[in-house]
Protein chains: 2
Amino acid sequence: MPDTKSRTRIQRQNREAILEAALEVFSAQGFRGATLDQIAAAAGLSKPNVLYYFASKEAIHHALLSGLLDNWLAPLRALDPAGEPLAEILGYVRRKVEISRDFPRESRLFANEILQGAPRMMAAIEGELKALVDEKAAVIRNWSAQGRIAAVDPYHLIFSIWALTQHYADFDVQVRAVLGPGHDPFAEAGSFIETLFTKLLAPAA
Amino acid sequence: MPDTKSRTRIQRQNREAILEAALEVFSAQGFRGATLDQIAAAAGLSKPNVLYYFASKEAIHHALLSGLLDNWLAPLRALDPAGEPLAEILGYVRRKVEISRDFPRESRLFANEILQGAPRMMAAIEGELKALVDEKAAVIRNWSAQGRIAAVDPYHLIFSIWALTQHYADFDVQVRAVLGPGHDPFAEAGSFIETLFTKLLAPAA
DNA sequence: TTGATGTTTGACCATCTGGTCAGTTGCAGG
DNA sequence: CCTGCAACTGACCAGATGGTCAAACATCAA
């Protein structure tokens, strides 16, 4: 199992193909629902060959999840304490909507993991994720205290942004089934959610 | 497989025990992740005995899902076109929060199903669910047109209620991990979400 | 060309899992 | 007490699945 830093061209290509295929399969079927044969077929490789690049099914899943966390936290990390409060929060919202639109499989992979009790991500959630949220919640609380935005619980503000944006990726089939054809769920959601938070955060008169 | 309408006391008890156990296991592991052995163990029965009451794993899952839909739609169904608009919508929100608090496993079962593309629920979603949402969306749109609440897209209003309330059931472990101890997520969420929609729906001055 | 290393595969294995079945046990009505 | 049906079980099966391995094949520098 060659996983030192020295990767040949073929190694890089095949590892990439496997991760892409695994994302497709894991996000649609969950960890236990996915099979190595499905992943191998989707990657255009034989099963033993897949296991030549990754030690186990677990290892593939783990590689996906660790690669995911940074991208997942980036939008919140970019929230600037020195910026204009409402613009910063709406910017965060917009970035999250875009991520849901452009990376729905990643969102579903994450949702699957949390739904099952986050067995393989608890550490990251209690560590990195919580630390970042704590930090940004303090920033938002400060903005509220200064009267620059309405007084809201910053944690639940963040949760509500997660809930609203991820919903459109995770429950995509339901949203589309209910809306019927001729809709662009993410575009509509974007402006709806923006309105929602604009009204919520308007400072008291 | 005795599933006529005539059920003995033991039949009722054991079927109930199996469904309860299956809800626990399916909601935590997803359909493919769950095994009959787990369900049988959780129900305190042997595997063959479980299959004496239900024809297959599929049949158990199906029984759970069909029993679920009605309870799931009830809160929206209760939204009264003749009532006071804001009170009706906030009442719907409150009912959904309570359901997330009291039936988180059912919420996760549902979430698992939708996440995987709703393979066993598409019909119900495109049928019953869509019909009910269409009906209530028309009611809400009417309220908006009359200026009794702000002008909002009624579909995305309903989606946002689903997203916010179900998030606290489906992502419970994440919410608790981030909040840390000493919190009552559902109580806090309840008042946060109520505030959110109150501000959103306030009619234009 | 050749050897060495990296890549790929068919065949195989142990285990798990949904499901079957013949037969045993329990129980209620006569 | 007995009979007949409901309830239950151990043993078993076939297919799926994660993973192994020896051997074959490709690639490339010397």
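Lettering of chains follows the sequences in order, A, B, ..., and the numbering in each one begins at 1. Since the model is a prediction, treat every value here as computed from it, not as a measurement.
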Rounded to whole angstrom units, what separation is found between the [atom1] atom of [X] and the [atom2] atom of [N]?
X	N	atom1	atom2	result
A/R15	C/dG6	CZ	P	15 Å
A/Q38	D/dG18	CD	C1'	13 Å
B/H61	C/dT17	NE2	P	17 Å
A/L45	C/dT7	CG	P	12 Å
A/K47	C/dA11	NZ	C1'	11 Å
B/L51	C/dG18	CG	P	9 Å
B/R32	D/dA16	CZ	P	11 Å
B/I39	C/dT17	CD1	P	12 Å

As a test of reading the structure: which of D/dC8, C/dG6, C/dT9 is closest to the side chain of B/Y52, going by heavy atoms?
D/dC8
Passing option when B/W72 is tested against B/F110, B/F103, B/W162 for ring-ring contact (aromatic ring centres under 6.0 Å, His included)
B/F110
Stacked cation flag A/R15 on A/F54, 6.0 angstrom / 45 deg
yes
Check B/R94 with B/E194, please: is the shortest side-chain N to carboxylate O separation under 4.0 Å?
no
Regarding B/E135 and B/R77, does a basic nitrogen lie under 4.0 Å from an acidic carboxylate oxygen?
no
Assign the ring pair B/F159 / B/H156 to parallel, tilted or perpendicular, where the plane angle (0 to 90°) is split at 30° and 60°.
perpendicular
Using a 4.0 Å heavy-atom cut-off, does A/A34 contact any base of the nucleic acid, only the sugar-phosphate backbone, or nothing at all?
sugar-phosphate
Taking only side-chain N and O atoms of B/Q11, does any of them lie within less than 4.0 angstrom of OP1 or OP2 on D/dA6?
no
Below 4.0 angstrom from OP1 or OP2 of D/dC8, is there any side-chain N or O of B/S46?
no
Ranking B/P48 and B/I10 by the position along DNA chain D of their nearest nucleotide, the one closer to 5' is B/I10
Reading DNA chain D from 5' onward, which residue's closest nucleotide shows up sooner: B/N49 or A/D37?
B/N49
Comparing nearest nucleotides in DNA chain C, the 5'-proximal residue of the pair A/N14, B/K57 is A/N14
